[in-house]
Protein chains: 2
Amino acid sequence: MREGDQPTVINLFLDGWGRRYKDLPDGRRQVVSFFVPGDLCDLNIFILRQMDHSIGALTPLTIAEIPRSAFEEIIDRHPRITQALWWEALVAAATQREWTMSLGQRNAAERIGHLLCELFLRLRTVGLTNGTSCPFPLTQSVLGEATGLSLVHVNRTLQDYRAAGMIVLKQRELTIPDLRALMEASMFDANYLHLDHEGRHFDANI
Amino acid sequence: MREGDQPTVINLFLDGWGRRYKDLPDGRRQVVSFFVPGDLCDLNIFILRQMDHSIGALTPLTIAEIPRSAFEEIIDRHPRITQALWWEALVAAATQREWTMSLGQRNAAERIGHLLCELFLRLRTVGLTNGTSCPFPLTQSVLGEATGLSLVHVNRTLQDYRAAGMIVLKQRELTIPDLRALMEASMFDANYLHLDHEGRHFDANI
DNA sequence: CGACATATTGAACGGGCTCAACGTGGGTGG
DNA sequence: CCACCCACGTTGAGCCCGTTCAATATGTCG
């Protein structure tokens, strides 16, 4: 989906990863967020006329396409789901603020460490981690586009973390032996993910 | 209002400027957004338990404090205002994405030029510009916190724009003689502000 | 086995930072 | 009303983190 499009459905990621990104006229590209299973995108089609960014797949995807009309019916009849949609939108905004913080203030090692912590925690929340490991389909090039760093420097920073024994990353799988240590190194505070939200009780049947 | 607080009212800026910011444990600070008259803050108190960032004044303020209960009543009875709240939340998120783009990909001059364009347009939307001029209470230090640049480099970048005749900035007033030129120089595309939104028709009486 | 994406490494460059002074202007108290 | 003060702005010089350019592995898929 490209900047300028006028989407008509809301997509729910069932399996696979995606990313939001923006391009500048001269070709520079910034990834502004990642999608993992469980994430919604394009909530804004209810209100905003057209896409101000692009969305692309990072792996083969399984997606649920929810027509706008179905969503409107849900919103009318299920206030708790509506509340969940607000949660989704507000946490996405909070995450975007945290990325702003990363790009503005954190150095290369902190940015990458912080991103790894975020993705690991988000995957764990939806049950996609396996102990201290999780799938990790992002290439170093994509990591660079997300952290505002050159591909070369991403590589060197990952090497440093590997040499320090803080991460194992190969074959598209990430292992973080000591998550707490990585969180401390990158000054990661999970509060912005709002995992203590009421969502524990979000249930369409209540 | 500080990170960790649990606010109980929603604030509407009637007059004066404010900012959202986040601090790191070692003192680094990132301003993640600005508030100008007409902006709402703390919409998230409906859903999220506690603040994941801080909010502070930049000038003396006139604020309307709207209790949560009053808001809930409005939401029940005025679907178009509810839609306006969604617009507010989604545009705030879109703006945050654009800041992510700026910090990740734009250089110093582009970041500052882009921010000046954004603030000028937002002020114009609420009728607070005067021809090519607008009030501009931000100090160079605050500009640095928002753009991820050092105060020194902000100063030099502003000098460059002044020398090029692209801005006049003194006595807390900004003049942009040729807005289109500044927008081009900083690769500013206003689409993310969604000024073509339905808000033109937002009216509590409809 | 060939081809193309991805990862790795080296070396030189540069945008923006840090450190350190020095102006400047508006508010305040004596 | 003036002298002081403090926040804000300006300028210079050297340095460093991360970039760019350019090769060289490595791996995976048909």
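Proteins come first, then strands; the chains are lettered A, B, ... in the order of their sequence lines, and each starts at number 1. In this text, all values refer to a predicted model and were calculated from it rather than measured experimentally. The figures that follow rest on heavy atoms only: side chains count, while hydrogens, waters and symmetry mates do not.
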Open item on the list: Using only atom types and a distance under 3.5 Å, with no angle test, would you say the side chain of Asn155(B) pairs donor to acceptor with the backbone of Thr157(B)?
Closed with: no
- [ ] Please name the pair of heavy atoms, one in Gly38(B) and one in Leu12(B), separated by the smallest distance, quoted to 0.1 Å.
- [x] O-CD1, 3.8 Å
TODO: Kindly say whether Ser186(B) contributes a backbone atom to a donor-acceptor pair with the side chain of Arg106(B) at under 3.5 angstrom?
DONE: yes
Task: Between P of dG15(C) and CD of Gln105(B), the distance in whole Å - done: 16 Å
Task: Arg68(B) CZ: over 12 foreign heavy atoms closer than 6.0 Å - done: yes
Task: Whole angstrom value for the distance that separates C1' of dG9(D) from CZ of Phe136(B) - done: 14 Å
Task: Residue-level proximity of residues 146-162 of chain B to DNA chain D when a heavy atom falls under 4.0 Å - done: Leu151(B), Val152(B), Asn155(B), Arg156(B), Gln159(B), Arg162(B)
Task: Distance in angstrom units between Arg106(A) CZ and dG18(D) P, rounded - done: 14 Å
Task: Closest to side chain of Ala108(B), choosing from dC8(D), dT28(D), dG16(C) - done: dG16(C)
Task: Row check, Tyr21(A) ring normal vs Arg29(A) NZ/CZ: under 6.0 Å, within 45° - done: yes
Task: For atom CG of Asn107(A) and atom P of dT19(D), their distance in whole Å - done: 11 Å
Open item on the list: What is the distance, to the nearest angstrom, from the CG atom on Leu169(B) to the P atom on dC8(D)?
Closed with: 14 Å
Task: Any Gln96(B) side-chain heavy atom under 4.5 Å of Val32(B) side chain - done: yes
TODO: Specify the separation, in whole Å, of atom CD of Glu145(B) and atom P of dG16(C).
DONE: 19 Å
- [ ] Would you kindly give the CZ-to-C1' distance between Arg111(A) and dT19(D), to the nearest whole Å?
- [x] 12 Å
Task: N/O (side chain, Gln140(B)) to phosphate O (OP1/OP2, dA7(D)) under 4.0 Å - done: no
- [ ] To the nearest Å, give me how far apart CG (Leu174(A)) and P (dA7(C)) are.
- [x] 13 Å
